[in-house]
Peer 1: 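Before we start, here is the structure in question, set down as structure tokens.
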Amino acid sequence: MQLTKHTDYAFRVLLYLAGMQEERTTIQGITDAFGVSKAHLMKVVNKLTTKGWIKSTRGKNGGICLGVEADEICLKEVVVYMEKTLDPINCDTPICPINGVCRLKPILFQAQAEYLNHLASYTLADLLDQKTIIRLRC
């Protein structure tokens, strides 16, 4: 399973915010750090803010920061929330002639369930070690 850029950027934003020293940062700061599209990042930050994982403050001294502790953000929840679909296979478009009897679909869904269960055992805090924090601050 490959994550979309939307989810990839969500993890980058969350990691950056969890590892920063400042109280707040800007979307531009994250854009500069990762070299990604500001327009795309704004959509991601908006979605993360709606979920409550990011707190956004407007104004002169505004910016963004984590809205909850890093150990409260489960990796599985981020993937499920950010991805439009998690279906590992689409048997309906175009309709597959062996749909309903194919043995591939249940195998792929079982693999996906195991993947998500594995992610469920980790939080954002588990991704932060000293090397990662140092690299994020450079």
Side-chain angles (χ1 to χ4, degrees):
M1 175 179 190
Q2 184 171 353
L3 301 176
T4 62
K5 282 187 179 180
H6 210 64
T7 304
D8 176 15
Y9 290 0
F11 278 120
R12 291 179 192 216
V13 168
L14 292 169
L15 277 166
Y16 186 90
L17 295 176
M20 68 181 195
Q21 286 179 308
E22 312 85 46
E23 186 176 325
R24 288 187 181 82
T25 192
T26 62
I27 292 173
Q28 186 63 54
I30 299 171
T31 297
D32 294 342
F34 289 109
V36 297
S37 161
K38 184 176 179 181
H40 195 71
L41 208 59
M42 287 173 65
K43 293 175 188 174
V44 170
V45 167
N46 186 48
K47 191 165 183 173
L48 295 171
T49 301
T50 301
K51 182 69 173 172
W53 289 329
I54 291 180
K55 186 169 55 172
S56 175
T57 307
R58 294 184 182 268
K60 183 180 177 185
N61 295 320
I64 57 174
C65 61
L66 279 184
V68 297
E69 295 297 321
D71 62 357
E72 295 178 40
I73 300 175
C74 175
L75 301 188
K76 175 187 174 183
E77 289 178 24
V78 175
V79 170
V80 170
Y81 183 68
M82 298 302 292
E83 290 291 319
K84 288 183 180 179
T85 180
L86 291 173
D87 292 342
I89 192 168
N90 181 353
C91 303
D92 300 326
T93 308
I95 295 176
C96 180
I98 59 173
N99 193 7
V101 295
C102 178
R103 296 175 58 191
L104 177 61
K105 187 174 182 176
I107 292 170
L108 293 176
F109 273 90
Q110 179 184 0
Q112 178 196 42
E114 291 173 13
Y115 168 74
L116 292 173
N117 284 338
H118 183 71
L119 289 178
S121 63
Y122 295 96
T123 68
L124 183 62
D126 294 319
L127 303 179
L128 292 169
D129 61 8
Q130 198 58 36
K131 289 180 183 178
T132 304
I133 292 170
I134 290 169
R135 181 73 56 95
L136 285 168
R137 292 180 182 168
C138 291

Peer 1: Distance-only, no hydrogens or angles: does the D126 side chain make a donor-acceptor pair with backbone N or O of T123 under 3.5 Å?
Peer 2: yes
Peer 1: Please collect all side-chain hydrogen bond (donor to acceptor under 3.5 Å, both in side chains) contacts where either partner lies in residues 89-111, sequence neighbours excluded, each pair once.
Peer 2: D92-N99, Q110-E114
Peer 1: Nearest heavy-atom pair of A18 and L124: which atoms, and what distance?
Peer 2: CB-CD2, 3.9 Å
Peer 1: Starting at CD1 of I98, measure out to CG of L104 and round the result to the nearest 0.5 Å.
Peer 2: 8.0 Å
Peer 1: Run the numbers on V36 and D8 for side-chain contact (heavy atoms from CB on, under 4.5 Å), then give the verdict.
Peer 2: CA-CA 11 Å; V36 297; D8 176 15; over 6 Å; no
Peer 1: Could you state whether L128 and Y9 fall into the same hydrophobic cluster, counting links through intermediate Ile, Leu, Val, Met, Phe, Trp or Tyr residues with side-chain heavy atoms under 4.5 angstrom apart?
Peer 2: yes
Peer 1: Return yes if some donor-acceptor pair links the side-chain N/O of T31 with the main-chain N/O of I27 below 3.5 Å, else return no.
Peer 2: yes
Peer 1: Please answer whether the main-chain N or O of L3 pairs with a side-chain N or O of E83 as donor and acceptor at a distance below 3.5 Å.
Peer 2: no
Peer 1: Kindly work out whether a path of hydrophobic side-chain contacts (I/L/V/M/F/W/Y, heavy atoms less than 4.5 Å apart) joins V79 to I89.
Peer 2: no
Peer 1: Can you check whether M42's main-chain N or O pairs, donor with acceptor, with N46's side chain at less than 3.5 Å?
Peer 2: no
Peer 1: Is there side-chain contact between L17 and I30, with heavy atoms separated by less than 4.5 Å?
Peer 2: yes
Peer 1: Report the C-alpha separation of V13 and V45 in whole Å, then their side-chain angles, then the decisive distance to 0.1 Å, and conclude whether the side-chain contact (heavy atoms from CB on, under 4.5 Å) test is met.
Peer 2: CA-CA 8 Å; V13 168; V45 167; 4.1 Å; yes
Peer 1: Rounded at 0.5 Å granularity, tell me how far CD in Q112 sits from CG in L116.
Peer 2: 5.0 Å
Peer 1: Would a distance-only check, ignoring hydrogens and angles, find a side-chain to backbone donor-acceptor pair under 3.5 Å from Y81 to K47?
Peer 2: yes
Peer 1: Would you check if H40 and H6 make a side-chain contact, meaning some heavy-atom pair closer than 4.5 Å?
Peer 2: yes
Peer 1: Dump the intermediate steps for side-chain contact (heavy atoms from CB on, under 4.5 Å) on T4 and K84, then the final yes or no.
Peer 2: CA-CA 9 Å; T4 62; K84 288 183 180 179; over 6 Å; no
Peer 1: Looking at Y16 and A33, what are the two nearest heavy atoms and their distance?
Peer 2: CE1-CB, 3.6 Å
Peer 1: So how far is it from L14 CG to L48 CG, rounded to the nearest 0.5 Å?
Peer 2: 5.0 Å
Peer 1: Nearest 0.5 Å, please: how far is CG in L66 from CG in L15?
Peer 2: 9.5 Å
Peer 1: Between F34 and R12, which heavy-atom pair has the shortest distance, and what is it?
Peer 2: CE1-O, 3.6 Å
Peer 1: With a 6.0 Å cut-off (strictly less than), is the heavy-atom count around CD of E69, excluding the residue itself, greater than 12?
Peer 2: no
Peer 1: Counting only N and O atoms by type, is there a donor-acceptor contact under 3.5 Å from the side chain of K51 to the main-chain atoms of M82?
Peer 2: no
Peer 1: Treat each ILVMFWY residue as a node, draw an edge where side-chain heavy atoms are under 4.5 Å apart, and state whether I107 and L86 are in one component.
Peer 2: no
Peer 1: Mind listing the closest non-hydrogen atom pair of M20 and I64 along with its distance?
Peer 2: CE-O, 3.8 Å
